[in-house]
Amino acid sequence: MTIRPLAAAALCLAALTACSTTDPDAGPGDGDGSGIRTGNGVTDSEIRIGVLTDLSGPFKAGAAVQVQEKKAYWAARSAQGGICDRKITMDVRDHGYNPQRAVSLYRSMAPDVVALQQVLGSPAVAAVLPLAEKDDLYVGGMGWASVALEYQVAQIPGTTYSIESANAVDYLVDTLKVPAGSTIGHVYFEGDFGGDSLAGAEHAAAARGLKIHPIKITPQDSDMSAQAAALERAGVKGVILGASPSQLSSLASVLASNGVDVPLIGNTPTFSPALLNTPAREGLLKNFYTVTSVAPYNGEGAAVKTAAEMFEKNAPDGTKGWEVPLAYGQSELLAEALEKACENGDLTPKGVVAAMHETSGLDTQGLFSGTLDYTKPGEPPTRKVFVSRADPEAPGGLKVLDTIEGPSALSYKFE
Amino acid sequence: MRTGSGSAWEAVPAPGAPLLDVDGLDVGYNGAVRALRGVSLQVARRGVVAVLGGNGAGKTTLLRAISGTLGSAGGAVTGGTIRLDGRDVRGLPAAEIVRAGIAQVPEGRRVFRDLTVEENLRAGGLTAAPRTRSAALQGIYELFPDLAERRRERAGLLSGGQQQMLAIGRGLMSRPRLLLLDEPSLGLAPQLVARIGEIVTEINRHGTAVLLIEQNAVMGLRVADSAYVLEVGRVAASGPAEVLAGSDEIRGRYLGAGAGTASSADPGPDDGREPDTGPPGPAAAVRAEALKVDGVTVRFGGVTALADVSFEIEPGTVHALIGPNGAGKSTCINVLGGAYRVAAGTVRYGDRTLTGLRADQIAGLGVARTFQNISLSLDATVADNLLTGRHRLMRSGVLGGALGLPRARREDREHRARAERVAELLGLTALLGRSVHTLSYGDRKRVELGRALCAEPTLLLLDEPVAGMNPAESAEMAATIAEVRRELGISILLVEHDMPFVMGLAERVTVLDFGRRIADGTPAEVQRDPEVLRAYLGSEAA
Amino acid sequence: MSDRPAASLRLDSPLRLISSLRLDSPARAAGAVLLLAAVAGPLWLTDFWLQAGLFAMAAAVGAIGLTLLVGVAGQLSLGHAFFLGVGAYTYTLLAGEREDGMSGFGLPPVAALLAAAAVAGAAGAAFSPIAGRLRGIYLGLASLGLVFLGRHVWLNAEDVTGGYNGRTVEAFAVPGFSFSDEDPDYLAVLGTPFGELHRLWYLFLAVALLAAYCGRGIKAGRAGRAMAGVRDGETAAASVGIRVARVKATAFTVSSVYAGVAGALTALAFGRVAPDSFALTVSIDYLVMIVLGGAGSIAGASAGAVFVSVLPLMLVQYSAHLPFLSAPGSGGVDAATLSRFVYGVAIVAVLIFLRGGLAGALRHLGIRTARAGRPSRPARPAERSTPKESAP
Amino acid sequence: MSYLLTQLVNGVSLGLVLGLIAVGFVVVFKSTGVLNFAHGSVLLLGAYLVARLHPELGFWGALAAGVAGAALVAALINTLLVRRVAEHDPGVLAILTIGVDILLLTELTRQIGNDVLDIGAPWGASVVGAAGVSLPASRAIAAGTAVVLFAALGALAARTDWGLAMRAAAADPDTASLMGIRLSRTSAVGWGLAGALAAVAGVFLTSYPTPGVEPGVSVVAFAAIPAWVLGGFDSVPGAVAGGLVIGVAQALAIGYESELHFLGGGFGEVVPYAVMVLVLLLRPHGLFGQKEAIRV
């Protein structure tokens, strides 16, 4: 039995002598013939980007649409000569809304990609962003929660939920004429989507002299009867919903059935065109609005039309929703950053992040509201949102009414 | 299975053939224990057959095998045939056997307590054709007017006797050709036992054959035409009821009288040891203290299981507690061990009061016990089971074991050595590394005794230590117990049915019947006591 | 070697072999090889496998704890996730700094890890009076309530837990050495740079080996025999002086200590704590781990933990190489779906076809519920399995 | 006042639907001693069949097919799997049903895909109202259906041979088999009945005001577990009462969340479990359960 400890000791000794604490690679990275520095995920002919998404969990429907559109975008882009003379390939992994799996998959992807075009699902985002920050790896398409602003590597596609909700309050007061002193309801998911949405609404309500009646729910709650009754009792003059289509469907139909005729404004992820085929249709057509920083499928801009054409060509039977312009827009944002990184001669992950932060005054041809400015850390690139209404005629079920940037949206402070 | 064109024809029984023909039946439990070995038995058409035997003899197993309910108890028929009217019914599911014409009235009545009397009866008649049911029901009510009166009441509210009537009536509802009765007189007062006997005769008069299992030999033999005596899974004797009733053997078996003629009292010359059943030798100083049971009463719900029972165990003696089934013996041992609470009375051991203490606290005072139905860790080894017995004598905790601290290791070694000495005393040394579920029944009984001894008790409570053992095993166990007592100087309380075993071993005997103490004294005194004779053999015997 | 029926499941795992130093020499050799492979793991495994290995080792620690409770002591618990969560949040709170409106004590991580074990153990001990009163399925369902109540607290105590999205976890460190990418900022062994994952690997390996060693010791020692005694018959256990209520409390406490450590390790491997990591499905996953491996077996629990944590990752990672899989989102059987199928089939198949092994180890769970009339494996012709009644 | 009444009525109707599910747990538990974790996915299966088949068969035809399909699958789970497990230990059986649940739910999730399927119920989104209280018609019908089903169940159990056999088998399976009652049949009937009730509950749980059939519906069955526990595991009336307690408590907790804010946001979700733990502490065998007889 004495052999074992001896062997162990020898092994330890061997391991210790094999240790080194000085980094031989601490110098600058590799360059190629053209003078462009490259790192993970970039070869002479290929730029590899990652998508870490949820294709088997609760968000698989919208996620699949986005993956299809992105694939089409990058295929087209590569066919046109690519970026920096390189083709772009996309590595898609499915974490199934399991954050631990997302972390493991991140570990397997991170060494092989120059950027993560998308990380979907807020628990996965919360888990992956700190790792990406440490690795200086670009992350896009992580939803619109304000928490993303804390990370240098994150490029938020539009404004935040809090700004959306603040604009929603402004819209209720200025356009829909909800009088000061009224109460408005706010039904929201636990977590940073709902929490961020509530924060913006509370700020705006205080600024505009309204009271908020908050109701927290979980994604499993699909029967909003009790919540609707509570809103009715509170005498709300409007409702903001930071949830998903299931809850919108139930809430809109119950409110309509009970004769509660007040506007219902949802954050971006709240609406799905399929809802117009459910019993909620009447209520939605009458009272539903949505505030989004990405254009709906039926948006006016030239790029939105391109996005829609591309989608219909590649997926004729696909669900036409706001995910299509979003996926296209995110691809445009990343392409912009990659192009700039190429110009800067630094196509390493770190270089892409730096290039992304040089983007300002970007006009996305109607994909996102307003011009985008990513130069100010901790601030969203815009505070403008689209306001749309449910419309059975419009492809995607939404028709843009207006683009607004309300006073309380402008005065909202990020901490 | 058709073996040839003639088999179907052969299946038609000859007119004089028995209704039930059991031939060479072997039954095992859980693949290990053999409960019946080559049992053959016939019930004639319209016959009444009694099967007699002690606990563990295999009587209920025999009924389970016939009625197809062995499976739920973990048993299986491993050999032999069971034919009803020439048709092989072995291996059929219970529900099909009922449809073939055999109904069983289970031991302990097992009425559906939450169903009404009439619902119980209807449940019994579910297999009968709907149009015959009301006639059958009427017939039952005529046979048992008590039940007719209480037909809307929940069965759980009936008295024990009425429940037995209900169980029999329920069995008759399917209009069986053969009725299996499992200890119908169990726990019933003598006049009720007599009534049950009349009912069996009455049922038989209507054309139903009856197979009756009884410990109450007198009752069994009175109503039966013929009888079989089972002993450790074998038929030990059989013949016409009158012949058996007249034999000394039956008397000897049940009261320990004339032990010389009773086969089970033969100590088996092959075991090489003279069973020493005499008074304790000078080997060990007596370490035990006196146990005083004083006016103990135990109630379950409304039923009084023990009523004002008192007795004393002198330090260092073997004391036996006997009585028919349902007399309250096990209840009593469970009170002493702390498993049951008393409604009144006290139990004192030395100067400590046991009543009110938890079982583990009682164990801590040096009282150890075994169980009627063996309760061991089946997956663990014999050595580990024995070591479990030393729990109270060991000190190391979770941390010591987890980290393998030297003190815990040393303690483990020391106590393992002690457990090995106990194993040696009981002849278990070769089995120490085996897991218990591979052991035979007799070995398991010895392991359980070993576990109790490992706790180093000064008072040992043994709940039927030889139930189900054959005479040789039984004698060996007697020798072991005597040796234990002599070597360790402890008191032993025995609960047993095997009369010769008790009479040869105990210095003093307490007899219970219906929860009351009916006799207390030396074996010789008790054997002559008319109350005891009546309790065991019924009123006529005294 | 015992002569148990061959049907019993024997899943040999590194830990089993390593911890069974008294096995015969081929097994010892195999164990040594596995141990060496594990020790050398960071030299040849990619980040993905290191990460998966960390989750698996953390799960193994928790599964060993649960198998002591469920398999050895026979107490069904659906609340393991709760105790994992207690450990994870305790570590995070104590080791974390006060920042961003979050509470934190900034304690040394070693102290925080020990405190995580202690606090989780205390939570287990606090629950044990309830456990002492309930048995079988009642106990399982009461502990299921614990998971939901815990989740509610974690969602709402936002300044401690970070609410729904949780909070980041302070890296583990001992004085002078951090199990992260810093301090030393660069470390290489045999030319392989050792970052956070590599360093944590050794921490986790050490803790998992210690957990297995202690688990074996507990199971084989006086405490383990008492637990098994309680599982196999409370009355018989009490009759040899075992305090049944105390043994149950001990089992709950020990299992919770394991869960606390496992929770803290999971948090370290994950880099975050969030309520979703301690949901009911996690409790169920842990039960599945110990059932697949064979309840009551330390090695089985470890093997089950590896299977349950690595299988889905592996299928997702290598789905592209499996020709029968369709792309995610296309409606066919994708990798995530396949891993659920494999998982479900594994559970059903093990329980139905490996009767002697797994079911056998579980058969003394002690769940003798309201169906008291049902006979439970009498070891002998049940001459008197029914309660005796006296004439009134 | 009418607000309170609205919430109470809501709670009662939800509670009755939970009762349908909880009764399924009771029947399975009584007939086979199994804690059936696959109950939720059987419920989803029933609702899924109705949603898929109603365009072709019409709602009532689809309902019949859905109820029959759920009953059949539940009975098959028992016959093909549960009865094959040699060791009739409740813990082993519960884990087996977890495996079955995973398989069934995974396949249903795959089948449902990205859609939310409309259940196609004829009562649609209409609302009934009286005395200032309005209630979705589906909930009113659900409550009525549940009451009728409970009454029918009671009558069947009390008056028919079939009910008698079920009750006898539940009370004492060994003795029941001595009466010629086929346990394989009573247990299959028990599971089938539970599946049928779950399918009915599933239809109501996916009717307006919820959007339709989606995989998450199976989780609702978990909320019925506290109802079952409250009712004491083996009592059908207890399960119904437990469902009502849970339904009303949950509706009130959601309805008065702003007043109950000190309990934390989203307390409505945990109310069933909080009530369950509380009751188990005070009455370890539920509100209606009988104390288990512990015999040596």
Side-chain angles (χ1 to χ4, degrees), chain A residues 1 4 7-8 11 14-16 18-26 53-57 60-61 63-65 67-68 92-101 103-111 122-123 125-128 130-131 134 145 147 150 189-195 216 218 415, chain C residues 21 32 36 39-40 43 46-52 54-55 100-101 155-156 158 162-168 180-181 184-194 196-197 266 269-272 274-277 281 309-310 312-313 316-317 319 327-331 334-337 339-340:
Chain A
M1 286 306 288
R4 186 171 295 271
L11 200 70
L16 279 177
C19 285
S20 144
T21 50
T22 47
D23 186 354
D25 299 330
T53 187
D54 171 16
L55 293 167
S56 54
K60 58 182 181 176
V65 167
V67 167
Q68 279 173 324
V92 183
R93 300 285 170 89
D94 168 28
H95 60 60
Y97 209 65
N98 176 335
Q100 291 192 19
R101 199 174 302 161
V103 165
S104 297
L105 293 173
Y106 171 85
R107 298 286 190 195
S108 82
M109 279 174 108
S122 73
V125 172
V128 165
L131 302 176
K134 226 185 275 177
V147 67
E150 294 164 20
F189 275 170
E190 62 191 13
D192 59 6
F193 163 28
K216 181 146 108 180
T218 70
E415 286 155 29
Chain C
L21 291 176
L36 255 173
V39 168
L43 296 176
T46 63
D47 281 5
F48 170 79
W49 285 110
L50 290 174
Q51 181 74 56
L54 293 185
F55 282 134
D100 296 344
L155 284 172
N156 281 282
E158 291 188 10
Y164 181 75
N165 273 313
R167 61 186 286 186
T168 51
S180 67
D181 293 332
D185 290 351
Y186 180 81
L187 173 71
V189 176
L190 299 175
T192 307
F194 266 35
E196 180 178 6
L197 296 175
T266 306
F270 188 21
R272 276 194 86 68
D276 274 351
S277 304
T281 49
S309 16
V310 173
L313 284 174
V316 171
Q317 174 75 357
S319 55
S330 65
D334 57 50
T337 304
S339 78
R340 296 300 289 170

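Everything numeric here is computed off the predicted structure, so don't read it as measured data. Proteins come first, then strands; the chains are lettered A, B, ... in the order of their sequence lines, and each starts at number 1.
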| query | In terms of heavy-atom proximity below 4.5 Å to chain A, should C/Phe55 be classed as side chain, backbone, both, or neither? | reply | side chain

| field | Max heavy-atom pair count under 4.5 Å with chain C, selected residue of A/Ser104, A/Ala110, A/Ala145 | value | A/Ser104

| field | Structural part of A/Pro130 lying under 4.5 Å from a heavy atom of chain C | value | side chain

| field | chain A contact via C/Leu197 - which portion, at a heavy-atom distance below 4.5 Å | value | side chain

| remark: If one checks every heavy atom of A/Tyr97 against chain C at 4.5 Å, the contacting part turns out to be side chain

| Is there a side-chain contact between A/Lys216 and C/Asn156, using heavy atoms and a 4.5 Å cut-off? | yes

| remark: Output for pair (C/Glu196 CD, A/Arg107 CZ), nearest 0.5 Å, gives 5.5 Å

| Rounded to the nearest 0.5 Å, how far does CG of A/Asn98 lie from CG of C/Leu313? | 8.0 Å

| field | Which portion of A/Arg101 sits near chain C, non-hydrogen atoms under 4.5 angstrom | value | both

| request: Let me see the working for A/Val103 and C/Gln51 under side-chain contact (heavy atoms from CB on, under 4.5 Å), right down to the final yes or no. | output: CA-CA 8 Å; A/Val103 165; C/Gln51 181 74 56; 3.6 Å; yes

| field | Contact origin within C/Thr266 toward chain A - heavy atom pairs under 4.5 Å | value | side chain

| Heavy-atom pair of closest approach, residues A/Asp192 and C/Tyr164 | N-CD2, 4.2 Å

| task | Would you give the length of the straight line joining atom CZ of C/Arg272 to atom CG of A/Leu131, rounded to the nearest 0.5 angstrom? | result | 9.5 Å

| query | What part of C/Thr168 gets closer than 4.5 Å to chain A, counting heavy atoms only: side chain, backbone, both or neither? | reply | side chain

